[in-house]
Amino acid sequence: TAAAYAQDLPAVTMDDPTAQALKYNPDATAADRAAAARPGLPPEEQFCSNCNFAQDYAEEGWLACTLFPGKKVKSEGWCTSWTLKQG
Ligand code: SF4
């Protein structure tokens, strides 16, 4: 799942319907990670950059996410679907 995307994808914004459903925030420190209590790592260590749904993306600071096809998310973002990266 380390596909590198060459095209310039649009960034997920907080008014995106999926972002709202998943409480995505490009700044994980401003998201309520403690309330979500996702297993795998302490809340303060959870970011898109160590999420299993994130994929490499050819732009520093950004990742592709399988939950947001055709868009990019911030490496330091977070949402309620956060799941510890495997392998
Ligand atoms: S699923 Fe993972 S990579 Fe995608 S937005 Fe949520 S925390 Fe970030």
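Given the structure is predicted, the values throughout are model-derived calculations rather than measurements. Note that ligands are numbered from 1 as they come in the structure, with each ligand's atoms numbered from 1 the same way. What's counted below: heavy atoms across the whole structure, side chains too, no hydrogens, waters or symmetry copies.
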### Query
Can a donor-acceptor pair be found between the side chains of D27 and W78 at a distance below 3.5 Å?
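W78 and D27 do not have a side-chain donor-acceptor pair below 3.5 Å.
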### Task
Find out if a path of hydrophobic residues (ILVMFWY) with successive side-chain heavy-atom gaps under 4.5 Å connects W82 to L22.
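Each belongs to a different hydrophobic cluster.
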### Message
Using every non-hydrogen atom in the two residues, find where Y57 and A64 come nearest and quote the distance to one decimal.
### Response
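Closest pair (atom of Y57, atom of A64, distance): CB-N, 3.6 Å.
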### Query
Can you check side-chain hydrogen bond (donor to acceptor under 3.5 Å, both in side chains) on R38 and T83, steps first, answer last?
CA-CA 7 Å; R38 299 291 292 170; T83 301; 3.3 Å; yes
### Task
Examine distances only and state if a side-chain atom of Q46 and a backbone atom of L41 form a donor-acceptor pair shorter than 3.5 Å.
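At least one qualifying donor-acceptor pair exists.
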### Query
In Å, rounded to the nearest 0.5 Å, how long is the span from OG1 of T18 to NZ of K23?
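Between atom OG1 of T18 and atom NZ of K23 there are 13.5 Å.
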### Message
Can you count the protein N/O/S atoms lying under 2.8 Å from atom 8 (Fe) of ligand 1, leaving waters out?
### Response
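With waters ignored, the protein N/O/S count below 2.8 Å is 1.
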### Task
Provide the number and element of each atom of ligand 1 under 4.0 Å from a heavy atom of F68.
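With F68 as reference, the close atoms of ligand 1 come out as 5 (S).
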